[in-house]
Protein chains: 2
Amino acid sequence: MSSRPLRSDARRNLERILEAAQHLFADRGTQVSMEEVAQRAGVGVGTLYRRFPTKEALLTALVRERFRDFTAVATAVAAEEVAEHALATLVRRHAEAIAVDGAFQLAMMSTDSFRWEGVEDDKRAFAAVVSEVIGRGQAAGVVRGDLDFEDYATVMAGVTATMHFRPGADWRRAVELALGGLRAP
Amino acid sequence: MSSRPLRSDARRNLERILEAAQHLFADRGTQVSMEEVAQRAGVGVGTLYRRFPTKEALLTALVRERFRDFTAVATAVAAEEVAEHALATLVRRHAEAIAVDGAFQLAMMSTDSFRWEGVEDDKRAFAAVVSEVIGRGQAAGVVRGDLDFEDYATVMAGVTATMHFRPGADWRRAVELALGGLRAP
DNA sequence: ACCTGAACACCGTTCAAGT
DNA sequence: ACCTGAACACCGTTCAAGT
């Protein structure tokens, strides 16, 4: 990835693929077929596979974008919110963002998705912000002293499972229960 | 279901199917094919589908068994453990039981699986025991006052997501974080 | 370089033929 | 009643032919 620039038609196709995929996956979840993504993007399946070797790779590319979007949100929260409430606000906002996007949900739950090209960088940037928020909460005495970014990921994965697999359940309640586990005893 | 008794050969086939499926799904997860289950059970796929209209139905039948097994464990915990620790013990033991069984994991995460014939009864029995344990913990002042069985299911679904989707992550840590959310503030 | 779509592989599910 | 397995449908992925 990120070798020489794409030919202009290829570049345009790539954009259309990403847009089509984002729409379809966010709306109707992961079970949308590659064929349908290609159709909506106005390309053949072969083109799709030329850019993304597997369906999961396509999903991951989308998720990287969401990840970066949300890192920006997290940075804003870190800047604006007082140390006592920053982590709780972050968790709640993150949950809202995940709730509306089926692809993002999948990504939050699995480690595998995070192994694809370059995701590590995005993750690192995100982890840095979250860690800072956790640290300030700990300094303020409201966040569990041994909490780290991995724990944050674990907890968000749990909340996401409720959203994704238990449509009837109240995921906001799941968020509040999870927050109880993050607080200093 | 539970109409007239099966012919003896059919009964034997059913047993072999359940045993084969339990083994395969627990070991290698849900992606094991119906064909392979049939083969291991020594029957044709058609026979498999005669007993279970879909793969999910088969999974659910297995899960009902696990559910009943675990209700027995929960009952024992309720009887033996002091009110202050019973819920935590239950959660930890439940997590252990889920960890070793891929089919059980799937079931803990999804509501859909719980809609199949008769599962409601098993669930009710399980819910009764869990609710009692929660109630005694609340009376002892160590469990969050507004906690109910739905919350228990939500929390276990979250822990299960970590087991299922994040093989690298430490699910015991997820359990401990979750327990923090169940305690009285 | 890049695009296309027919073809392949795999798997869940069905059903005609058999006992 | 029950059993079998070939056949069908669907979908992820590949690749020969074309620009």
Side-chain angles (χ1 to χ4, degrees), chain A residues 1-22 24-25 27-63 102-103 106-107 110 112-113 115-117, chain B residues 1-21 24-25 27-63 102-103 106-107 110 112-113 116-117:
Chain A
M1 185 142 264
S2 80
S3 36
R4 61 206 73 257
L6 294 171
R7 219 167 64 182
S8 70
D9 58 337
R11 175 151 175 57
R12 170 141 181 73
N13 281 338
L14 177 56
E15 277 161 19
R16 296 175 59 126
I17 287 169
L18 286 170
E19 197 209 310
Q22 172 61 29
L24 290 171
F25 288 139
D27 271 17
R28 286 168 37 213
T30 322
Q31 86 290 7
V32 170
S33 73
M34 291 293 265
E35 180 62 46
E36 193 173 346
V37 172
Q39 221 164 316
R40 171 155 179 163
V43 302
V45 250
T47 303
L48 192 42
Y49 277 92
R50 164 168 261 267
R51 292 297 156 226
F52 304 98
T54 63
K55 188 175 185 177
E56 191 179 344
L58 172 58
L59 249 355
T60 308
L62 293 175
V63 162
L106 203 94
S110 66
D112 291 356
S113 315
R115 295 200 198 288
W116 201 59
E117 304 197 29
Chain B
M1 182 142 266
S2 80
S3 35
R4 63 206 71 253
L6 294 172
R7 219 167 64 181
S8 69
D9 58 337
R11 175 152 173 55
R12 170 142 181 73
N13 280 338
L14 176 57
E15 275 161 19
R16 295 175 59 125
I17 287 169
L18 287 170
E19 197 209 309
L24 290 171
F25 289 139
D27 272 16
R28 285 167 37 211
T30 321
Q31 86 289 8
V32 170
S33 73
M34 290 294 265
E35 180 62 44
E36 194 173 346
V37 172
Q39 220 164 318
R40 171 155 177 159
V43 302
V45 251
T47 303
L48 192 41
Y49 277 92
R50 165 167 261 264
R51 291 299 156 226
F52 304 99
T54 63
K55 187 176 185 176
E56 190 179 345
L58 172 58
L59 250 354
T60 309
L62 293 175
V63 161
L106 203 96
S110 66
D112 291 357
S113 314
W116 201 59
E117 305 196 29

Q | Phosphate OP1/OP2 of D:dC2 contacted by B:Asn13 side-chain N/O (<4.0 Å) | A | no
**Q.** More than 12 heavy atoms from other groups under 6.0 Å of CD on A:Glu19
**A.** no
Q.
Applying side-chain hydrogen bond (donor to acceptor under 3.5 Å, both in side chains), can you list everything that pairs with A:Arg12, at least two apart in sequence or on another chain?
A. none
Q) Rounded to the nearest Å, what distance is computed from the CZ atom of residue B:Phe25 to the P atom of nucleotide C:dC11? A) 12 Å
**Q.** Whole-Å gap separating C1' (D:dC2) and CG (B:Leu14)
**A.** 13 Å
(Q) Using whole Å, what does the distance between atom P of nucleotide C:dC2 and atom CZ of A:Arg51 come to? (A) 5 Å
(Q) In whole Å, I'd like the distance from the CZ atom of A:Arg12 to the P atom of C:dC3. (A) 12 Å
Q) B:Gln39 CD to C:dC11 C1': how many Å, rounded? A) 13 Å
Q: Could you tell me which residues satisfy side-chain hydrogen bond (donor to acceptor under 3.5 Å, both in side chains) with A:Asp27, sequence neighbours excluded, listed by chain and number?
A: none
Q) Picking from C:dC2, C:dT13, C:dT4, which would you name as closest to the side chain of B:Met34? A) C:dT13
Q. Is the closest side-chain heavy-atom distance between A:Leu6 and A:Asn13 below 4.5 Å?
A. no
(Q) Let me confirm one number: the CG-CZ distance from A:Leu18 to A:Arg51, rounded to the nearest 0.5 Å. (A) 10.5 Å
Q) Considering only D:dC11, D:dT13, C:dG12, which nucleotide approaches the side chain of A:Ser33 most closely? A) D:dC11
Q. How does protein contact run along nucleotides 14-19 of chain D, one letter per nucleotide 5' to 3', with B for base contact, S for sugar-phosphate only, - for none, heavy atoms under 4.0 Å?
A. BB----
Q) Could you give the CG-to-P distance, from B:Leu59 to C:dC11, as a whole number of Å? A) 16 Å
Q | d(CD, A:Gln31; P, C:dC11) in whole Å | A | 20 Å
Q | Gap separating the NZ atom of A:Lys55 from the OH atom of A:Tyr49, nearest 0.5 angstrom | A | 8.0 Å
Q. Taking CD1 from B:Ile17 and P from D:dT4, how many angstroms apart are they, rounded to a whole number?
A. 9 Å
**Q.** salt bridge (charged side-chain N to carboxylate O under 4.0 Å, His left out) partners for A:Arg16, two or more places apart
**A.** none
Q | From A:Leu14 atom CG to A:Leu48 atom CG, the distance as rounded to the nearest 0.5 Å | A | 10.0 Å
Q) Which nucleotide in the set D:dT13, C:dC2, D:dC2 lies at the smallest distance from any side-chain heavy atom of A:Arg50? A) C:dC2
Which donor-acceptor pairs under 3.5 Å do side chains of residues 33-45 of chain B form with protein atoms, sequence neighbours excluded?
from: B:Ser33; atom 1: OG; to: B:Glu36; atom 2: N; distance (Å): 3.1
from: B:Glu36; atom 1: OE1; to: B:Arg28; atom 2: NH2; distance (Å): 3.2
from: B:Glu36; atom 1: OE2; to: B:Arg28; atom 2: NH1; distance (Å): 2.8
from: B:Glu36; atom 1: OE2; to: B:Arg28; atom 2: NH2; distance (Å): 3.4

Q: Treat a base pair as Watson-Crick or G-U wobble with both distances under 3.5 Å, then lay out DNA chain D in dot-bracket form, 5' to 3', with | for cross-strand pairs.
A: ||.|||||...|||||.||
